[in-house]
Amino acid sequence: MMIIRLSKCALLFGVALFFSLVVFNNTTDYDSNYQFVRHVLTMDSTFPKNHGMWRAMTRPALHKVFYAAIICWEIIVCVLCWWGLVTLLFNLRKPAGEFRRAKSVAITALTLGCLLWLVAFLCVGGEWFLMWQSKTWNGQDAAVRMFMVVAVSLVYLSLPEPSIEAMEQ
């Protein structure tokens, strides 16, 4: 039973580390990913004369608001992942019910992480701003990959640990 709990903590650690690095990169090298957001929102590399260009946002102030919202979302996920990890480690040797209740912060963090990739990148960026049409500014593959990593971690963490009786059989 302990190895399962430890493996869940290890995966949460990996997600927390990933989001820490994302936040670090987006704040210390702001312009790199800002350019990505700007190009997606302006739709300047989508198919020529597509009928969705009315959705394009060309105001730099809106680009900055979108990018700031993404960074804030990433910070929240990051903090909640670390908080969830500490909570799980604190409850590692406690009875199953207490450990299960301790999962709530981590489950919230991983759910918000999934929603970031699904809503912000796949729905809004990919479909609303037609990011899928761009050869240069298309982050859908990375978004799907990260959605899957976080979603698998969420599903695994959410599963109940086997009881001591079940492990002895």
**Asked** Of all residues at least two apart in sequence or in a different chain, which pass the side chain to side chain contact (heavy atoms under 4.5 Å, CB included) check with Ala10?
**Response**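 Ala10 satisfies side chain to side chain contact (heavy atoms under 4.5 Å, CB included) with no other residue.
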
**Item:** Flag if over 12 foreign heavy atoms under 6.0 Å of NZ, Lys94
**Value:**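 Check passes, neighbour count above 12.
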
**Request:** Test Lys8 against Leu159 for side chain to side chain contact (heavy atoms under 4.5 Å, CB included), laying out the working first.
**Result:** CA-CA 10 Å; Lys8 290 178 180 189; Leu159 293 174; 4.2 Å; yes

**Smallest separation among heavy atoms of Val150 and Phe19, with atom names** =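 Scanning both residues, the minimum pair turns out to be CG2-CE1, 4.2 Å.
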
**Prompt:** Which word best sums up how the rings of Phe129 and Phe66 line up, parallel for under 30°, tilted for 30 to 60°, or perpendicular for over 60°?
**Reply:**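 Judged by the thresholds at 30° and 60°, the geometry between Phe129 and Phe66 is perpendicular.
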
**Item:** Which residues share a side-chain hydrogen bond (donor to acceptor under 3.5 Å, both in side chains) with Ser32, sequence neighbours left out
**Value:**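 Only Asp29 meet the side-chain hydrogen bond (donor to acceptor under 3.5 Å, both in side chains) criterion with Ser32.
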
**Prompt:** So if you build clusters from Ile, Leu, Val, Met, Phe, Trp, Tyr with side-chain heavy-atom gaps below 4.5 Å, do Leu6 and Val15 land together?
**Reply:**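 Same cluster.
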
**Request:** Looking only at non-hydrogen atoms, find the nearest pair between Phe121 and Ala143 and report the distance.
**Result:**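 Taking Phe121 first and Ala143 second, the nearest heavy atoms are CB-CB, 3.7 Å.
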
**Request:** Assess the side chains of Asn50 and Thr46: does a donor N or O sit below 3.5 Å from an acceptor N or O?
**Result:**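 The criterion, which ignores hydrogens and geometry beyond distance, is satisfied for Thr46 and Asn50.
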
**Request:** Starting at OG of Ser7, measure out to CZ of Phe13 and round the result to the nearest 0.5 Å.
**Result:**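 The distance works out to 14.5 Å.
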
**Stepwise ring pair (Phe, Tyr, Trp, His ring centres under 6.0 Å) check, Phe36 with Tyr67** = CA-CA 9 Å; Phe36 175 86; Tyr67 190 40; 9.4 Å; no

**Message:** Quick check for you: to the nearest 0.5 Å, what is the distance between Phe47 atom CZ and Leu130 atom CG?
**Reply:**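 One finds 9.0 Å between CZ of Phe47 and CG of Leu130.
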
**Prompt:** Would you say the side chain of Leu122 lies within less than 4.5 Å of the side chain of Val144, judging by non-hydrogen atoms?
**Reply:**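 Touching, per the 4.5 Å side-chain cut-off.
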
**Request:** Give the cluster check for Phe18 versus Val155: same hydrophobic cluster or not, with ILVMFWY residues linked at side-chain heavy-atom distances below 4.5 Å.
**Result:**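 The answer is no; the residues belong to distinct hydrophobic clusters.
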
**Request:** Sort and list the pairs that fulfil side chain to side chain donor-acceptor pair (under 3.5 Å) and have at least one residue in residues 103-125, not counting sequence neighbours.
**Result:**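 Matches after skipping sequence neighbours: Lys103-Glu161.
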
**Item:** Any Tyr30 side-chain heavy atom under 4.5 Å of Ile71 side chain
**Value:**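 SC-SC contact between Tyr30 and Ile71 confirmed.
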
**Message:** If the condition is side chain to side chain contact (heavy atoms under 4.5 Å, CB included), which residues does Glu127 pass it with, not counting sequence neighbours?
**Reply:**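 In terms of side chain to side chain contact (heavy atoms under 4.5 Å, CB included), with neighbours along the sequence ignored, Glu127 is linked to Trp132, Gln140.
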
**Request:** Working to the nearest 0.5 Å, report the span between CD of Gln35 and NE2 of His63.
**Result:**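 With rounding to 0.5 Å, CD (Gln35) is 10.0 Å from NE2 (His63).
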
**Asked** Taking everything shown except Phe24 itself, do over 12 heavy atoms lie less than 6.0 Å from its CZ?
**Response**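 It does not: Phe24 CZ has 12 such atoms or fewer within range.
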
**Asked** Do Arg5 and Phe99 come close enough that some side-chain heavy atom pair is under 4.5 Å?
**Response**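 With C-beta onward as the side chain, the pair touches.
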
With a 3.5 Å cut-off and sequence neighbours excluded, list the donor-acceptor pairs that the side chains of residues 73-93 form with protein atoms.
residue	atom	partner	partner atom	Å
Trp73	NE1	Leu112	O	3.1
Glu74	OE1	Asn26	ND2	2.8
Glu74	OE2	Asn26	ND2	3.4
Trp82	NE1	Ser20	OG	2.7
Thr87	OG1	Trp83	O	2.8
Asn91	ND2	Thr87	O	2.8

**Asked** If you round to the nearest 0.5 Å, how far is CD1 of Ile70 from CG of Leu116?
**Response**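 Going from CG on Leu116 over to CD1 on Ile70, the span is 7.0 Å.
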
**Prompt:** Say you draw a straight line from CG of Leu110 to CG of Leu115; how long is it, rounded to the nearest 0.5 Å?
**Reply:**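 One gets 11.0 Å once the value is rounded to the nearest 0.5 Å.
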
**Atom pair CZ/SG of Phe147 and Cys114 - distance to nearest 0.5 Å** =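 That separation rounds to 4.5 Å.
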
**Request:** Please list, chain by chain and in numerical order, all residues satisfying side chain to side chain contact (heavy atoms under 4.5 Å, CB included) with Ser158, sequence neighbours excluded.
**Result:**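 Ser158: side chain to side chain contact (heavy atoms under 4.5 Å, CB included) contacts with Ile107, Leu154.
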
